[in-house]
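See structure below.
Remember, it's 1-based here, ligands and their atoms both numbered in the order they're listed. Excluded from the calculations below are hydrogen atoms, water molecules and symmetry mates; all remaining heavy atoms, backbone and side chain alike, are included.
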Amino acid sequence: MKTGIMGGTFDPIHYGHLLAAEEARRNLGIDRLIFVPTGDPPFKRDITPAEDRYAMTLLATAGVLEYSVSRIEIDRKEPTHTVDTLRAFIKSGINPEDLYFITGLDAMLSITQWFDYEKIPELCTLVTARRPGYPVSGIENLPKFVRDKLKYIEIPQFAISSTEIRERARDGRGIRFLVPHLVQIYIESNSLYKKI
Ligand code: ATP
Ligand code: MG
């Protein structure tokens, strides 16, 4: 049983996230995908409360048999790091050989800045999906022990970010078809990005 983990701020979750995760799942024969929204940062930044981001992630993934959403980072009191989250999933009984951590290329190219990143390739296989604006050649600059555990996948390119969706929502420009319908409704009914 292969498990894929897709972490993110998901502020809000959009079709770029869903497409990257799903393509990784199909390409690598992953059986189940767990979306892991990050917790609230210790010092308040301009980030939507975790409960709203969690709710939107649930709405975006509801009804897809292979998908679930984990509260592990939201419920942790301390700041969370990917390495801790992977360790927690392994502790819960998943073999490192069956654990896949999925990111977009921008995130993967910054892996050497993550807390204890040297430990991460021992804990899982890394999967990274191409993202518009980030050069695939950047992978060559990652340390060899990272590259050895890294699978790169080409996916249909969707040049969208949560940042752009927040700006569009704030300015009253449409967000329809950039996020799942229920996420759009949630953002609009809660006036989520109106005052950023
Ligand atoms: P923000 O603009 O707030 O940084 P974001 O769109 O980058 O938001 P994140 O929550 O930061 O979304 O990203 C979570 C994960 O999803 C990261 O691994 C990121 O690389 C990946 N990702 C986000 N958008 C895309 C996209 N359009 N295509 C492929 N991967 C993506
Ligand atoms: Mg981002």
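Taking a cut-off of under 4.0 Å to the non-hydrogen atoms of Thr103, the atoms of ligand 1 that pass are 18 (O). In summary, the atoms of ligand 1 found under 4.0 Å from a heavy atom of Met6, numbered by their order in the structure, are 15 (C), 16 (O). Here is the list of ligand 1 atoms found below 4.0 Å of a heavy atom in Phe10: 10 (O). The distance from ligand 1 to the heavy atoms of Gly8 drops below 4.0 Å at these ligand atoms: 10 (O), 14 (C).
Remark: distances from the non-hydrogen atoms of Gln157 to ligand 1 are all 4.0 Å or more. Under a 4.0 Å heavy-atom criterion, Ile160 is in contact with ligand 1. In this structure, Met108 does not count as a contact residue of ligand 1, since none of its heavy atoms falls inside 4.0 Å of the ligand.
Here the heavy atom of the protein found nearest to atom 27 (N) of ligand 1 is Phe158 O, 2.8 Å. Of the protein's non-hydrogen atoms, Thr163 OG1, 4.2 Å is the one closest to atom 4 (O) of ligand 1. With respect to atom 3 (O) of ligand 1, the closest heavy atom belonging to the protein is Arg166 NH1, 3.1 Å. Ranking the protein heavy atoms by distance from atom 21 (C) of ligand 1 puts Gly104 N, 3.7 Å first. Residue, atom and distance of the protein heavy atom nearest to atom 7 (O) of ligand 1 are Arg131 NH1, 3.0 Å. Taking atom 20 (O) of ligand 1 as the reference point, the nearest protein heavy-atom neighbour is Asp106 OD1, 2.5 Å. With hydrogens left out, the protein atom closest to atom 10 (O) of ligand 1 is Thr9 N, 3.0 Å, a heavy atom. Summary of contacts: the protein heavy atom closest to atom 12 (O) of ligand 1 is His17 NE2, 2.8 Å.
Counting heavy atoms from C-beta on, the side chains of Val69 and Tyr54 come closer than 4.5 Å. Side-chain contact between Phe115 and Val83 is present, with heavy atoms from C-beta onward closer than 4.5 Å. Proximity of Tyr117 to Pro143: side-chain heavy atoms (C-beta onward) are separated by under 4.5 Å at one or more points.
Of all the heavy atoms of Glu164, none lies under 4.0 Å from any atom of ligand 1, so neither backbone nor side chain is involved. Counting heavy atoms closer than 4.0 Å to ligand 1, residue Ala129 contributes nothing at all.
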Next item on the list: Starting from the C-alpha separation in whole Å, work towards a yes-or-no answer on side chain to side chain contact (heavy atoms under 4.5 Å, CB included) for Phe145 and Glu118.
Entry: CA-CA 8 Å; Phe145 71 95; Glu118 296 91 340; 4.1 Å; yes

Check: Yes or no on salt bridge (charged side-chain N to carboxylate O under 4.0 Å, His left out) for Arg71 and Glu51, after CA distance, side-chain angles and deciding distance?
Finding: CA-CA 9 Å; Arg71 293 185 58 90; Glu51 293 302 339; 2.7 Å; yes

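In terms of polar-atom proximity, Gly7 is not counted as a contact of ligand 1, lacking any N or O under 3.5 Å from an N or O of the ligand. Of the N or O atoms in Pro132, none lie within a sub-3.5 Å distance of an N or O in ligand 1.
Under the 4.5 Å side-chain heavy-atom criterion for ILVMFWY residues, no single connected hydrophobic cluster contains both Met108 and Ile102. Under the 4.5 Å side-chain heavy-atom criterion for Ile, Leu, Val, Met, Phe, Trp and Tyr, Leu86 and Tyr100 are members of distinct hydrophobic clusters.
Checking side-chain atoms of Arg53 against main-chain N and O of Pro12 turns up no donor-acceptor pair under 3.5 Å. Without hydrogens or angle criteria, Asp31 side chain to Lys2 main chain gives a donor-acceptor distance under 3.5 Å.
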Listed pairs under 3.5 Å, donor-acceptor, residues 89-98 side chains, sequence neighbours left out:
| unit_1 | atom_1 | unit_2 | atom_2 | d |
| --- | --- | --- | --- | --- |
| Ser92 | OG | Phe89 | O | 2.7 |

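By the neighbour-count criterion of 12 heavy atoms within 6.0 Å, atom CZ of Arg176 is sparsely surrounded, having that number or fewer from other residues, nucleotides or ligands. Atom NZ of Lys149 is surrounded by more than 12 heavy atoms from other residues, nucleotides or ligands within 6.0 Å.
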